[in-house]
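In this chain, residues are counted from 1 in sequence order. Model, not experiment: these values are computed from the prediction.
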Amino acid sequence: MKQEFSVFQNKVTELDINIKDYYKQFETPTRKLISDGIVNVQEYFDSPIKILWVLKEPYCDGNNGGGGWSIVKDLDESRSRSPKQDSSGLWSKIIYTSYGILNQFCDFTEMKQMPKSDLRNVLRQIAYINIQKLPATSKSNNDVIQKAFEQHKSIILSQINVFNPDIIIGGMTMHLFKNDKISINNSENKKFITAYHPACRPKTKRQEPYVNDIINSIKDWYQNKTTS
C-alpha cells in the first residue's frame, strides 16, 4: 500500500509541476495561476470514495486580479481547520455534500447537528479543480469558460485521469465534457453529476436541497454498483 501511494503521489507532484510550467505562458505580472488539484494527497488516496469537484474559475480579490496562490493549500491548511466563511456559501455546500457522501450518505438534517470542525475536515479528502485557472471576477462569462476548456483541455483531462475519481461533480461544467468522456479513463465506472454551481444564490438552489439531491443521486448509484 505504501508503494502504491508513493507512485500516486509522484504522479500528482509531477502533474502539478507540469501545470505550473504550462501556465507561465499565459500569466502576466498581475494575473498568475491559482493552483488547484487534490487538497491532501494522502487523505484523498485513503478515501473510500474519491470525489472531484469541477467548477468554472477562481475568484481572487487581489489588486488587478492577483493570483499566484494555491486553492488546495488554502483548503488544507486554513478552511479545513477554521470557520473561514465566504459570502456565496460555495464551500459550505461542498463541505456538506462531500461529508454526506463519505459518511454513509447522511443527509443535511443529520449533518446540521454535527460539530462544524468535524465537517470541515472533509475538505482534506477531496479534489477540486477549475476549468479556467487564472484569476477571474465574481461573475463568470460562459464564453470565457468554454474557450478556456478548449484551450486547456489536455491539462484538465490529465488532472482527471491522474486523480482517477469515482465521482465527478460539475458545478455547471459537465456539459463541457460531452464529447470528451471517452478521454477519461474508466469513465463507464464513474458517476458524473451535473449540478448547479454551489455559489448559486436563488432560493431554488438553497443549501439543503442542493446537498441532499446530490447525495441521494450518488447513494443510488453506489448501492447499485456495489451490489451488482
Side-chain angles (χ1 to χ4, degrees), residues 1-27 32-55 57-58 67-82 84 90-91 94-95 97-103 117-134 148-149 152-171 173 177 180-181 183-193 218 222 225-226:
M1 192 70 169
K2 286 184 178 179
Q3 186 177 11
E4 288 181 9
F5 172 70
S6 178
V7 171
F8 180 70
Q9 186 177 44
N10 288 340
K11 287 181 179 179
V12 172
T13 300
E14 182 180 0
L15 175 61
D16 288 344
I17 293 170
N18 290 341
I19 290 173
K20 288 176 183 177
D21 287 342
Y22 170 81
Y23 275 93
K24 285 178 181 177
Q25 64 188 302
F26 304 105
E27 292 180 324
K32 297 184 179 296
L33 173 70
I34 297 179
S35 301
D36 54 31
I38 296 175
V39 176
N40 183 288
V41 179
Q42 181 72 69
E43 294 201 25
Y44 176 85
F45 182 82
D46 293 338
S47 182
I49 303 175
K50 293 178 174 56
I51 303 168
L52 169 65
W53 288 81
V54 182
L55 299 191
E57 57 186 350
W69 54 282
S70 169
I71 289 176
V72 289
K73 183 177 181 181
D74 178 66
L75 293 175
D76 190 25
E77 298 180 0
S78 182
R79 286 191 183 274
S80 66
R81 301 167 190 254
S82 65
K84 191 175 178 181
L90 182 151
W91 297 112
I94 288 176
I95 288 168
T97 304
S98 301
Y99 187 94
I101 294 167
L102 292 170
N103 290 272
S117 57
D118 291 352
L119 295 171
R120 288 193 301 269
N121 283 332
V122 79
L123 288 171
R124 306 181 82 222
Q125 294 180 262
I126 69 169
Y128 172 99
I129 66 173
N130 285 300
I131 297 297
Q132 201 282 103
K133 301 183 188 297
L134 297 176
F149 179 78
H152 311 303
K153 185 189 302 184
S154 62
I155 289 291
I156 296 161
L157 292 174
S158 291
Q159 287 184 296
I160 294 173
N161 285 328
V162 169
F163 302 166
N164 193 26
D166 301 301
I167 297 163
I168 300 173
I169 304 173
T173 57
F177 295 87
D180 293 285
K181 285 186 180 179
S183 300
I184 296 175
N185 295 339
N186 203 28
S187 61
E188 66 278 5
N189 291 320
K190 299 183 187 304
K191 178 66 172 177
F192 296 85
I193 296 289
I218 293 170
Y222 187 76
K225 181 181 178 181
T226 54

Parallel, tilted or perpendicular: which fits the ring planes of Y44 and F163, with parallel below 30° and perpendicular above 60°?
perpendicular
Side chains of F45 and E4: does their closest heavy-atom pair fall under 4.5 Å?
yes
I need the single residue from I34, I71, I156 that forms a side chain to side chain contact (heavy atoms under 4.5 Å, CB included) with N130. Which is it?
I71
Could you measure the distance from the CD1 atom of I155 to the CD1 atom of I160? Nearest 0.5 Å is fine.
12.0 Å
Any side-chain donor paired with an acceptor under 3.5 Å for W53 and S98?
yes
Given the options N40, V72, L75, D74, L123 meets side chain to side chain contact (heavy atoms under 4.5 Å, CB included) only with L75
Please identify each residue that fulfils salt bridge (charged side-chain N to carboxylate O under 4.0 Å, His left out) with K153, with sequence neighbours left out.
E150, D180
For R120 and R79, work out which heavy atoms get closest and say how close.
CD-O, 3.3 Å
Heavy-atom nearest pair, T173 first then I131, reads CG2-CG1, 4.1 Å
Residues in side chain to side chain donor-acceptor pair (under 3.5 Å) with N161, at least two apart?
none
Does the side chain of L55 come within less than 4.5 Å of I94's, by heavy atoms?
yes
Check: R81 side chain, D76 main-chain N or O, donor-acceptor pair, under 3.5 Å
yes
Measuring from atom CG of L33 to atom CZ of F26, what distance do you get when rounded to the nearest 0.5 angstrom?
11.0 Å
Looking only at non-hydrogen atoms, find the nearest pair between I95 and V122 and report the distance.
O-CG1, 3.6 Å
Between Y23 and H152, is a side chain to side chain contact (heavy atoms under 4.5 Å, CB included) present by the stated rule, with each step listed?
CA-CA 9 Å; Y23 275 93; H152 311 303; 3.5 Å; yes
How about N164 and K190: does a side-chain donor come under 3.5 Å of a side-chain acceptor?
yes
Answer yes or no: is there an ion pair linking K50 with D166, defined by an N-O contact shorter than 4.0 Å?
no
Side chains of Y128 and L52 in contact at under 4.5 Å (non-hydrogen atoms)
no
Run the side chain to side chain donor-acceptor pair (under 3.5 Å) test against Q42 and tell me which residues pass, sequence neighbours left out.
D46
Point-to-point distance, once rounded to the nearest 0.5 Å, from CD1 of I19 to OG of S158:
7.5 Å
Does D16 form a side chain to side chain contact (heavy atoms under 4.5 Å, CB included) with S35? I'd like the steps, not just the answer.
CA-CA 8 Å; D16 288 344; S35 301; over 6 Å; no
For the CD1 atom of I49 and the CD1 atom of I101, what is their distance to the nearest 0.5 Å?
7.5 Å
Output the distance between atom OG (S70) and atom NZ (K20), rounded to the nearest 0.5 Å.
7.0 Å
Given the rule in the side chain to side chain contact (heavy atoms under 4.5 Å, CB included) test, do Y99 and N121 qualify, once you have shown the distances and angles that lead to the verdict?
CA-CA 9 Å; Y99 187 94; N121 283 332; over 6 Å; no
Supply the atom-to-atom distance N18 CG to Q159 CD, rounded to the nearest 0.5 angstrom.
11.0 Å
Scanning both residues in full, the closest heavy-atom pair of K32 with L134 reads C-CD2, 3.7 Å
